[in-house]
There are 2 protein chains.
Amino acid sequence: MQGMTELLKGVLEGAVLQLIHDRGETYGYEITQTLNQLGFEDIVEGTVYTLLLRLERKGLVNVEKRKSQLGPARKFYRLTATGETARSAFWQKWAFLVTQLANLKPTNEPDVTNKEA
Amino acid sequence: MQGMTELLKGVLEGAVLQLIHDRGETYGYEITQTLNQLGFEDIVEGTVYTLLLRLERKGLVNVEKRKSQLGPARKFYRLTATGETARSAFWQKWAFLVTQLANLKPTNEPDVTNKEA
DNA sequence: TTCGGTACTTTATATTACTAAGTACTGGTA
DNA sequence: TACCAGTACTTAGTAATATAAAGTACCGAA
């Protein structure tokens with residue numbers, strides 16, 4: 001979708017934390033594919049990899065590099081305890097935001113949730 | 001709320017567009033107060049004013065400076081046609097995001113919307 | 001041996017919220 | 001009068017993040 005960049009700030013990190021949590025363990029390329037399938041179609045590899053580096057730097061994930069039989073080695077990510085806390089905190093912040101905006105949003109607004117016009 | 005900064009990116013602009021739309025006409029100081037009352041308690045004047053300057057630069061608002069009997073002159077903002085389009089587009093993008101995240105969010109998550117623990 | 005798919009890296013850029021410090025006008029009050 | 005609180009806007013700088021772009025490298029199959 002067009003012009004989502006700013007709106008994705010912070011959200012993307014939360015989404016990735018959740019994906020890692022769900023899978024238990026996963027790697028950048030897979031995360032990118034998954035995000036794309038989930039509707040975040042414009043997210044490219046570079047975005048995800050820089051995000052993962054950041055998570056690592058912040059101590060939210062553990063990394064383990066392992067070989068793959070169909071391509072280069074993969075870097076598997078797991079949430080640390082801090083990461084799990086961050087994931088949980090993210091959803092609280094998100095819920096807060098959603099509530100605030102619901103108060104602002106005009107009820108008469110079309111509220112187009114379906115993609116097909 | 002703590003650590004909302006990144007999550008607010010893009011959202012704040014949409015919120016302000018909506019507030020201007022609602023009031024028909026309003027000014028920075030009032031917008032700041034309103035946001036604070038609405039739960040965006042940490043938003044300070046500087047943030048709003050820079051945002052308004054940006055909206056003006058982008059042609060989303062018209063500005064008219066008028067005197068006030070209780071303080072310095074106020075700069076009143078009104079949405080332009082482009083601004084109205086941007087406001088509408090914002091809610092569509094927001095609805096899209098909310099939908100995507102709802103798919104990601106674990107149902108078992110506490111979902112704490114109320115402030116009191 | 002070339003190519004497509006897999007997988008990760010790195011540098012630079014644009015936007016945005018936020019900080020901080022300041023200017024200035026008004027009315028009341030001590 | 002002098003001061004102060006409340007109103008109202010400005011501006012320079014910073015941090016964080018998503019994104020663009022370009023590249024490296026591994027593998028199997030045609």
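Since we're looking at a predicted model, the values are computed, not measured. Note on naming: letters A, B, ... go to the chains in the order of the sequence lines (proteins, then strands), and numbering restarts at 1 for each one.
Applying the ring pair (Phe, Tyr, Trp, His ring centres under 6.0 Å) rule to B/Phe76 yields the partners B/Tyr27; only residues at least two apart in sequence or on another chain are considered. By the side chain to side chain donor-acceptor pair (under 3.5 Å) test, A/Gln33 is found to be paired with A/Tyr29, residues two or more places apart in sequence or in another chain being considered. Remark: B/Lys67 engages no residue in a side chain to side chain contact (heavy atoms under 4.5 Å, CB included) (not counting sequence neighbours). Annotation: salt bridge (Lys or Arg N to Asp or Glu O under 4.0 Å) contacts of A/Lys93 (sequence neighbours excluded): none.
The separation between B/Arg74 atom CZ and D/dT7 atom P is 10 Å, rounded to whole Å. In this structure, A/Phe76 atom CZ and C/dA7 atom C1' are separated by 11 Å, rounded to whole Å. If you take CG of B/Leu55 and P of D/dT10, they are 13 Å apart, rounded to a whole angstrom. The nearest whole Å value for the distance from the NZ atom in A/Lys75 to the C1' atom in C/dT6 is 16 Å. The interatomic distance linking B/Glu45 (CD) with C/dA17 (C1') rounds to 15 Å, in whole Å. Separating the CG atom of B/Leu53 from the P atom of C/dT15 is a distance of 16 Å, rounded to the nearest angstrom. A straight line from OH of A/Tyr49 to C1' of D/dA22 spans 15 Å, rounded to a whole angstrom. In this structure, OH of A/Tyr27 is placed 12 Å from C1' of C/dG5, rounded to the nearest angstrom.
Among the candidates A/Leu79, A/Val16, A/Thr26, the single residue satisfying the side-chain contact (heavy atoms from CB on, under 4.5 Å) test with A/His21 is A/Leu79.
For residues 18-30 of chain A, the pairs satisfying salt bridge (charged side-chain N to carboxylate O under 4.0 Å, His left out) are A/Glu25-A/Arg66, A/Glu25-A/Arg78, with sequence neighbours left out. Listed by first and then second residue, the salt bridge (charged side-chain N to carboxylate O under 4.0 Å, His left out) pairs that reach into residues 33-54 of chain B are B/Glu13-B/Arg54, sequence neighbours excluded. Sorted pairs that involve residues 42-68 of chain A and meet ring-ring contact (aromatic ring centres under 6.0 Å, His included), not counting sequence neighbours, are lacking altogether.
We find the CD-CD distance between A/Glu6 and B/Glu6 to be 9.5 Å, quoted to the nearest 0.5 Å. Remark: A/Thr82 OG1 to A/Lys58 NZ distance equals 11.5 Å, nearest 0.5 Å. The distance from the CG atom of B/Asn62 to the CG atom of B/Leu55 is 11.5 Å, given to the nearest 0.5 Å. The distance from atom CG of A/Leu51 to atom CD1 of A/Ile31, rounded to the nearest 0.5 Å, is 8.5 Å.
In the hydrophobic cluster analysis, where Ile, Leu, Val, Met, Phe, Trp and Tyr join through side-chain heavy atoms closer than 4.5 angstrom, A/Met1 is grouped together with A/Leu101. Linking ILVMFWY side-chain heavy atoms closer than 4.5 Å, directly or via other members, places B/Leu104 and B/Val98 in a single hydrophobic cluster.
Shown for residues 28-40 of chain A: no residue has heavy atoms falling under 4.0 angstrom of DNA chain D.
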Collect all protein-nucleotide pairs involving nucleotides 13-19 of chain D in which both atoms are nitrogen or oxygen and the distance is under 3.5 Å.
{"unit_1": "D/dA16", "atom_1": "O4'", "unit_2": "B/Glu6", "atom_2": "OE2", "d": "3.2"}
{"unit_1": "D/dT17", "atom_1": "OP2", "unit_2": "A/Arg54", "atom_2": "NE", "d": "3.4"}
{"unit_1": "D/dT17", "atom_1": "O4'", "unit_2": "B/Glu6", "atom_2": "OE1", "d": "3.4"}
{"unit_1": "D/dT17", "atom_1": "O2", "unit_2": "A/Lys9", "atom_2": "NZ", "d": "3.1"}
{"unit_1": "D/dA18", "atom_1": "OP1", "unit_2": "A/Leu8", "atom_2": "O", "d": "3.2"}
{"unit_1": "D/dA18", "atom_1": "OP1", "unit_2": "A/Gly10", "atom_2": "N", "d": "3.0"}
{"unit_1": "D/dA18", "atom_1": "OP2", "unit_2": "A/Arg54", "atom_2": "NH1", "d": "3.2"}
{"unit_1": "D/dA18", "atom_1": "OP2", "unit_2": "A/Arg54", "atom_2": "NH2", "d": "2.6"}

Give each protein N/O atom lying under 3.5 Å from an N/O atom of nucleotides 1-4 of chain C, with the pair distance.
none

Atom pairs, protein N/O to nucleotides 26-30 of chain D N/O, distance under 3.5 Å:
none

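Note on the helix from C/dT1-D/dA30 to C/dA30-D/dT1: angle between the axes of the first and last five pairs equals 20°, rounded to 10 degrees.
Counting heavy atoms from C-beta on, the side chains of B/Val48 and B/Leu12 never come closer than 4.5 Å.
Between B/Phe40 and A/Phe96, the ring-plane angle classifies as perpendicular under the 30° and 60° cut-offs.
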